[in-house]
Amino acid sequence: MPISHVLRQLQVCIKHQTPSTAEKLHSIIIKLGLNQCGPLPNTLVDVYGKCGLFHHARQLFEEMPHRDHISWASILTAFNKASLPNLTLSFFPAMFTVDQLQPDHFVFATLIKACAALGSTMLGKQVHARFVLSPFSDDDVVKSSLVYMYAKCGLPDNARAVFNSIKLKNTVSWTAMLSGYARSGRKNEAMEMFKSAPVRNLFVWTALISGLVQSGNGIDAFYMFISMRREGVDIVDPLVLSSIVGACANLAVLELGKQIHGFLIVLGYESCLFISNALVDMYAKCSDIIAAKDIFGRMKTKDVVSWTSIIVGAAQHGQAEEALMLYDDMVTAGVKPNEVTFIGLIYACSHVGLVCKGRKLFKTMTADYGIRPSLQHYTCLLDLLGRSGHLDEAENLIKEMPYKPDEPTWAALLSACKHHGNTQMAIRFADHLVSLKIEDPSTYILLSNAYAKAAMWEQVSEVRKLMVEMEVKKEPGYSCIDIGKESQLFYAGETSHPLKNEMLGLLKELDEEMRRRGYVPNTSYVLHDMEQQEKEKQLFWHSERLAVAYGLLKSVPGTVIRIVKNLRVCGDCHTVLKLVSSIVKREIIVRDANRYHHFKDGKCSCNDFW
DNA sequence: CTAGGGTTAG
């Protein structure tokens with residue numbers, strides 16, 4: 001068998017992703033005594049890497065008597081392909097320390113790709129500097145990968161500078177730049193790049209649409225997706241569809257999500273791993289956790305993302321025990337959890353007060369899986385300790401941890417103090433909070449209540465002043481409800497809705513029944529200076545109540561009422577919705593800015609912590 | 001024989 005034939009066969013393995021054929025060919029090569037001939041050693045490393053047999057690639061590489069630039073480019077590409085960008089960067093120095101070789105343009109491209117995967121601007125800039133000083137500094141392909149790296153790191157202006165220096169701009173460099181603008185939320189520049197793109201293929205469309213989804217412009221993404229369909233672009237691979245499913249998840253639009261799901265089935269992509277994962281997440285985020293579990297259960301292969309999606313979904317819907325059981329199944333199935341999985345798990349423990357289990361998971365993460373806890377992990381653990389009343393332990397942990405606490409961290413602790421009536425500690429945390437730039441309106445409420453409780457009126461008025469300044473920038477609160485294919489949006493305050501009188505009547509009726517059951521409006525959630533009665537009226541017109549009233553009037557009796565809210569549900573509305581669920585005997589699911597609330601029989605899945 | 005663009009979980 002001539003060498004050229006073997007080489008051709010090996011390329012087929014890459015194309016068809018058939019690692020077993022690659023192994024067979026490898027054994028034939030050894031039998032023929034060709035394993036050190038011409039390009040074959042390098043090709044084998046390359047083929048094993050690209051077929052996903054990264055350990056084989058590495059072993060061959062280590063055993064090579066003569067390694068050249070191609071061997072190095074091949075093994076580093078294999079590391080990248082195996083999602084091991086850290087290994088790419090830590091392994092690379094051996095290129096000159098062991099083999100006395102300097103990186104060429106191929107190697108530079110792999111290093112930059114690894115930096116992009118890590119999202120590390122610092123490392124990326126170091127590699128960039130070495131590239132500029134190298135003999136290959138004119139190479140346009142490496143420049144394209146630099147554009148991609150800066151774009152991915154959220155530095156579109158740096159990306160643009162490199163882009164401008166590319167002599168022959170092709171679709172690849174164009175797409176990288178376009179994607180950079182889109183994912184940084186620079187819509188106008190992204191559209192500009194899109195309109196003037198040299199060709200308008202599926203890659204270009206995908207870069208634009210997925211960038212828009214990532215920057216939170218899901219609605220624009222949808223309009224572009226519709227344009228893409230109108231232009232008759234052939235959807236020959238499903239990547240753009242996973243972005244569109246992601247947009248449905250972010251926007252929490254269940255009906256649209258179902259339509260896209262149907263479309264995926266028609267195109268035959270439903271069982272593709274990426275797509276199934278996106279669907280599981282979409283249904284969970286659209287508050288249909290049952291559909292999410294159904295898709296998850298029918299998946300033939302499940303990876304970390306699949307397991308993590310369903311664990312996080314269950315945890316966010318208040319099904320903590322289930323989330324922990326799923327984790328056991330995951331370990332049994334031999335899938336290694338990652339840092340995101342542990343966020344979901346500790347969050348789950350937090351919701352049912354499993355303090356020991358949560359602490360244990362936090363330790364397991366580092367001890368068994370080598371994951372360095374992030375600030376988010378610490379915030380979850382602090383939340384768990386705080387909620388369960390271990391406030392002193394939480395305060396100690398905050399001093400020990402290697403991060404500076406941010407707004408969510410302090411807010412979680414402050415909320416815990418409120419629940420456990422520890423005013424003194426609350427003031428200590430509140431004092432830390434006021435020195436930060438607060439983004440979340442509900443944090444102001446927490447702060448103001450903490451100071452009010454300690455009768456620190458000067459601080460209370462200070463917080464109110466800060467809040468008035470922020471009010472200008474704050475988007476107004478709204479709640480959205482879907483009835484059939486129609487969607488209704490309600491803002492807080494009196495409405496001019498055609499069904500206004502019916503809604504008002506129903507809310508009044510419910511209010512009377514609630515008061516009979518002992519409901520007293522909690523006006524500490526209203527931060528304006530006004531009379532008690534006026535404050536109660538404010539609460540009465542909160543958007544989620546309008547949406548519920550509308551839902552009760554218009555939906556099919558007995559069905560679940562689903563509401564999506566852009567801000568967090570206020571404490572008073574939370575009480576009201578619990579009562580309403582038991583009065584009208586309906587399940588009400590509210591997705592607010594932070595979590596999911598399943599109101600049923602007078603109780604909420606969030607266990608009254610939020 | 002080796003490099004560059006689009007994808008999912010917080």
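A note on names: the letters A, B, ... follow the listed sequences, proteins ahead of strands, and every chain is numbered from 1.
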Visitor: What's A:T171 touching, base or sugar-phosphate or nothing? Going by heavy atoms closer than 4.0 Å.
Guide: base
Visitor: May I have the distance from A:L279 (atom CG) to B:dA9 (atom C1'), rounded to whole angstrom?
Guide: 14 Å
Visitor: Please determine if a side-chain N or O atom of A:Y148 lies less than 4.0 Å away from the OP1 or OP2 oxygen of B:dG6.
Guide: yes
Visitor: Taking NE2 from A:H105 and C1' from B:dT2, how many angstroms apart are they, rounded to a whole number?
Guide: 9 Å
Visitor: Contact between A:R200 and A:V233 at the side-chain level, heavy atoms closer than 4.5 Å - yes or no?
Guide: no
Visitor: Starting at CG of A:D237 and ending at C1' of B:dG5, how long is that distance when rounded to a whole Å?
Guide: 12 Å
Visitor: Between A:K113 and B:dA3, is there a side-chain N or O to OP1/OP2 distance below 4.0 Å?
Guide: no
Visitor: Please classify the nucleic acid contact of A:N338 as base, sugar-phosphate, or nothing, using heavy-atom distances under 4.0 Å.
Guide: base
Visitor: Could you walk me through whether A:F362 and A:Y378 satisfy the ring-ring contact (aromatic ring centres under 6.0 Å, His included) test, starting with their C-alpha distance in whole Å, then the side-chain angles of each, then the deciding distance to 0.1 Å, before giving a yes or no?
Guide: CA-CA 9 Å; A:F362 191 85; A:Y378 276 102; 5.3 Å; yes
Visitor: Which nucleotide, B:dA3, B:dC1, B:dT8, lies nearest any side-chain atom of A:N42?
Guide: B:dC1
Visitor: For A:S309, answer base if it contacts any base atom (sugar-phosphate contacts may also be present), sugar-phosphate if it contacts only those atoms, and nothing otherwise; contact means non-hydrogen atoms under 4.0 Å.
Guide: sugar-phosphate
Visitor: Select base, sugar-phosphate, or nothing to describe what A:V240 touches, counting heavy atoms under 4.0 Å on all strands.
Guide: nothing
Visitor: Ignoring hydrogens and angles, tell me if any N or O in the side chain of A:S184 forms a donor-acceptor pair with the backbone of A:R186 under 3.5 Å.
Guide: no
Visitor: Quick one: is B:dT7 close enough that its OP1 or OP2 comes under 4.0 Å of any side-chain N or O from A:S210?
Guide: yes
Visitor: Which part of the nucleic acid, if any, lies within reach of A:D140 when heavy atoms closer than 4.0 Å are counted: base, sugar-phosphate only, or nothing?
Guide: nothing
Visitor: At 4.0 Å (heavy atoms only), tell me whether A:K143 reaches a base, stays on the sugar-phosphate, or touches nothing.
Guide: nothing
Visitor: Report the nucleotide, chosen from B:dG4, B:dG6, B:dA9, that has the shortest atom-to-atom distance to any side-chain atom of A:N170.
Guide: B:dG4
Visitor: Which part of the nucleic acid, if any, lies within reach of A:N201 when heavy atoms closer than 4.0 Å are counted: base, sugar-phosphate only, or nothing?
Guide: base
Visitor: Calculate the interatomic distance between A:F274 atom CZ and B:dT7 atom C1'; express it in whole Å.
Guide: 5 Å
Visitor: Pick base, sugar-phosphate or nothing for A:A109, based on heavy-atom distances below 4.0 Å to the nucleic acid.
Guide: sugar-phosphate
Visitor: In whole angstrom, what separates A:I311's CD1 from B:dT8's P?
Guide: 20 Å
Visitor: Could you work out which one of B:dG4, B:dA9, B:dT7 sits closest to the side chain of A:S144?
Guide: B:dG4
Visitor: May I have the step-by-step check of salt bridge (charged side-chain N to carboxylate O under 4.0 Å, His left out) for A:D294 and A:R298, ending in yes or no?
Guide: CA-CA 6 Å; A:D294 180 52; A:R298 285 190 286 118; 3.3 Å; yes
Visitor: Under the criteria of a ring-centre distance below 5.5 Å and an interplanar angle below 30°, is A:F106 stacked with the base of B:dT2?
Guide: yes
Visitor: How many whole angstroms separate atom CZ of A:R8 from atom C1' of B:dC1?
Guide: 14 Å
Visitor: Tell me: CG of A:L202 to P of B:dT7, nearest whole Å?
Guide: 11 Å
Visitor: CE of A:M149 versus C1' of B:dA3: gap in Å, rounded?
Guide: 15 Å
Visitor: Passes salt bridge (charged side-chain N to carboxylate O under 4.0 Å, His left out), A:R568 versus A:D440? Steps please.
Guide: CA-CA 9 Å; A:R568 275 159 85 168; A:D440 190 338; 3.2 Å; yes
Visitor: Tell me what A:K302 touches on the nucleic acid: a base, only sugar-phosphate, or nothing, going by heavy atoms under 4.0 Å.
Guide: nothing
Visitor: Any base atoms under 4.0 Å from A:K50, or only sugar-phosphate, or nothing? Heavy atoms, all strands.
Guide: sugar-phosphate
Visitor: With sugar-phosphate meaning primed atoms plus P, OP1 and OP2, does A:T175 contact a base, only sugar-phosphate, or nothing at under 4.0 Å between heavy atoms?
Guide: base
Visitor: For the residue pair A:L60 and A:H26, establish whether any side-chain heavy-atom pair is separated by less than 4.5 Å.
Guide: yes
Visitor: Applying salt bridge (charged side-chain N to carboxylate O under 4.0 Å, His left out), run through A:E189 and A:R160 and close with a yes or a no.
Guide: CA-CA 11 Å; A:E189 283 129 316; A:R160 183 72 201 210; over 6 Å; no
Visitor: Which is true for A:D281 with a 4.0 Å heavy-atom rule: it touches a base, it touches only sugar-phosphate, or it touches nothing?
Guide: sugar-phosphate
Visitor: Go through B:dT2, B:dC1, B:dG10 for me and flag the one nearest to the A:K285 side chain.
Guide: B:dG10
Visitor: Identify which nucleotide among B:dT2, B:dG6, B:dT7 has an atom closest to any side-chain atom of A:Q214, counting heavy atoms from C-beta outward.
Guide: B:dT7
Visitor: Compare the minimum distances between each of B:dT2, B:dC1, B:dA3 and the side chain of A:S74, then state the nucleotide with the smallest one.
Guide: B:dT2
Visitor: How would you label the contact of A:T308 with the nucleic acid (heavy atoms, under 4.0 Å): base, sugar-phosphate, or nothing?
Guide: base
Visitor: Quick one: which of B:dT7, B:dC1, B:dG10 gets closest to the side chain of A:P39?
Guide: B:dC1
